[in-house]
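First comes the structure, then the notes that go with it.
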Amino acid sequence: MASHGVAAAVAVACCLALVVAEVPIPNERQLNFMDLEMSQFMHFGVPTFWDPPVEYLHEANPTYHDCKTTVIDHSNQTAGYYPCLNPNVFQPTDLNTEDWMQNSAAMGMKEICLTAHHEGGFALWPSKYTEYSVAASSWRGGKGDVLREFADSANKYGIKICYYLNVQCDGYMTEVNKSTPQDFIDRQVGMVKEVLTEYGPVNRFWFDGTSNLPKRTDKNKLWQSVYEAIRTVSPDTLISSYRGDVCAAKNGATLYTNTGPPPNSTDISGCTAATESGNYFHPTEMHGVTIQQGPDGNTDSAPTYWFWHPWACAKNVSGCPWVGHGNASRLFDSYLFTVGRGAVMNMNIPPERTGRMNASVAQVMHDVGKAINDTFRQSVVQANDVSGPCKPGLVEFQVPEGSASFDYVMAMEDLIQGQRIANYSVEFKRRGSDAWEFLVPPVVPHNKSLGDRPDGHDPRDSHIGHKRIDVPVVNTTGVHNVHVKTVRFNCIRALAEPVYLRQFSLHKKTVPWE
């Protein structure tokens with residue numbers, strides 16, 4: 001049906017646009033971060049090698065990674081380090097970080113966040129600041145260095161380096177070493193400096209919110225010391241995702257402005273909620289799927305296996321052992337629901353115990369990368385580098401006859417000038433008609449929040465941001481598709497003018513599994 005009166009309504013909304021003198025401008029590092037679009041989380045460490053007792057397998061989230069799980073006897077793997085796992089359990093038989101890079105690059109990952117030390121504190125490099133590291137393992141005679149091989153391979157393949165290094169959660173230091181508060185701070189800062197100077201260049205630190213540190217430790221002092229070390233030793237390194245330069249999406253992935261903290265500063269306060277009146281710019285990050293998740297490994301439900309588990313079978317009625325993982329269709333959809341909502345997707349795909357990517361998972365990664373490339377690197381029709389006042393028909397193009405079938409409408413805002421488009425719609429004309437109809441309707445204001453791991457059922461937010469991928473509300477593909485003649489992008493509301501579109505395009509879904 002035609003969207004009667006839409007042009008007039010859009011025109012009125014346009015004229016009422018909020019036009020301000022200035023909007024927050026992203027710095028070059030933030031712009032480059034958004035262009036990554038996909039970052040791969042890699043959980044790898046002693047938890048990868050944990051062999052839980054049978055009675056523990058069906059717990060909600062059977063991962064032993066924090067030196068706190070003491071309700072079950074693990075003496076066969078904790079000897080001398082209780083309640084932490086003994087470093088000798090870390091025994092990859094075929095560590096191959098080039099294999100990691102090859103498969104990650106095939107999927108389109110441009111950054112990998114490796115757990116340099118996770119919540120238990122086990123360091124994947126022979127750090128001078130902890131006795132709980134690869135140097136304490138018999139693997140490679142105590143001479144192994146995962147970070148050295150990881151950094152060398154990442155630099156060879158042009159994949160940016162990110163480290164998860166949980167400075168406020170180190171089970172070994174707290175539970176086994178019994179560090180004093182100041183000793184704990186000195187060791188964590190020392191490890192941060194080590195990875196910055198020896199295993200870089202470090203594009204980003206991913207700091208978690210979990211905590212296990214000595215009593216009476218001054219968290220503010222800890223974080224201030226960590227920030228000062230990063231800003232001094234490596235000013236270009238981003239801090240994320242609950243504080244610093246990049247913020248986890250809270251109430252809308254495609255709105256990047258908030259009231260703090262200032263990026264590229266030593267302000268250690270946490271990220272505030274996104275708001276159009278914010279005076280700082282922060283790119284957003286969202287979790288995609290974890291490759292092993294849910295009872296079948298391919299479901300958005302508990303448990304979530306952050307580390308690779310060959311016995312991933314919690315709550316699985318068919319029993320253990322059993323291995324499942326996400327399929328290509330689910331990972332492709334996750335790209336649509338995160339990157340297509342303006343965020344950088346953080347997807348957890350860890351290596352298995354051998355130290356390589358699981359062969360079945362690697363095939364999924366290749367399939368997903370091909371699907372993303374084949375779908376979005378070519379278009380049915382597109383327009384680039386458009387600017388002008390916020391108005392109906394900011395950009396309009398004709399759809400070539402015979403090429404009218406498409407599945408996605410994509411818009412990208414040029415954010416060099418800051419975020420400006422605050423609501424939009426897309427309309428079309430059928431062949432043989434001059435009536436405008438909605439292809440993508442405008443967003444009606446609502447108070448619903450966008451989940452951290454969106455599944456496609458989350459409400460749309462109204463901004464464009466780095467990238468917006470919408471599914472048309474009319475059938476534009478298949479046997480009974482409408483025949484589209486003309487498509488236009490309407491800017492309905494702006495935070496500042498002129499507005500800038502980097503790209504506006506139509507795309508056909510092209511995936512190897514259909």
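Quick caveat: nothing in here was measured; it's all calculated off a predicted structure.
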Within 6.0 Å of NZ in Lys160, more than 12 heavy atoms from elsewhere:
no
Can Arg187 and Glu131 be counted as an ion pair, charged N to O under 4.0 angstrom?
yes
Do Gln102 and Met357 pass the side chain to side chain contact (heavy atoms under 4.5 Å, CB included) test, and can you show the C-alpha distance, the side-chain angles, and the key distance before you say yes or no?
CA-CA 10 Å; Gln102 290 163 3; Met357 301 306 296; over 6 Å; no
Looking at Arg468 and Asp461, is any side-chain nitrogen of the basic one under 4.0 Å from a carboxylate oxygen of the acidic one?
yes
Is it true that Asp245 and Arg231 have a side-chain N and a carboxylate O under 4.0 angstrom from each other?
yes
Would you please name every residue forming a side chain to side chain donor-acceptor pair (under 3.5 Å) with Ser179, sequence neighbours left out?
Asn177, Asp183
Tyr280 vs His282 aromatic rings, parallel, tilted or perpendicular, using cut-offs 30° and 60°?
perpendicular
Mind jotting down which residue pairs meet the disulfide bond (SG atoms under 2.5 Å apart) criterion with at least one end in residues 125-214? Sequence neighbours excluded, please.
Cys113-Cys162
Does this structure show an ion pair linking Lys128 with Glu198, if we count only N-O contacts that are shorter than 4.0 Å?
no
Is it true that the side chains of Asn220 and Gln224 contain a donor and an acceptor less than 3.5 Å apart?
no
Looking only at side-chain N and O atoms, does Asp94 offer a donor or acceptor that is under 3.5 Å from a partner on Thr354?
no
Applying side chain to side chain donor-acceptor pair (under 3.5 Å), can you list everything that pairs with Glu98, at least two apart in sequence or on another chain?
Lys156, Tyr157
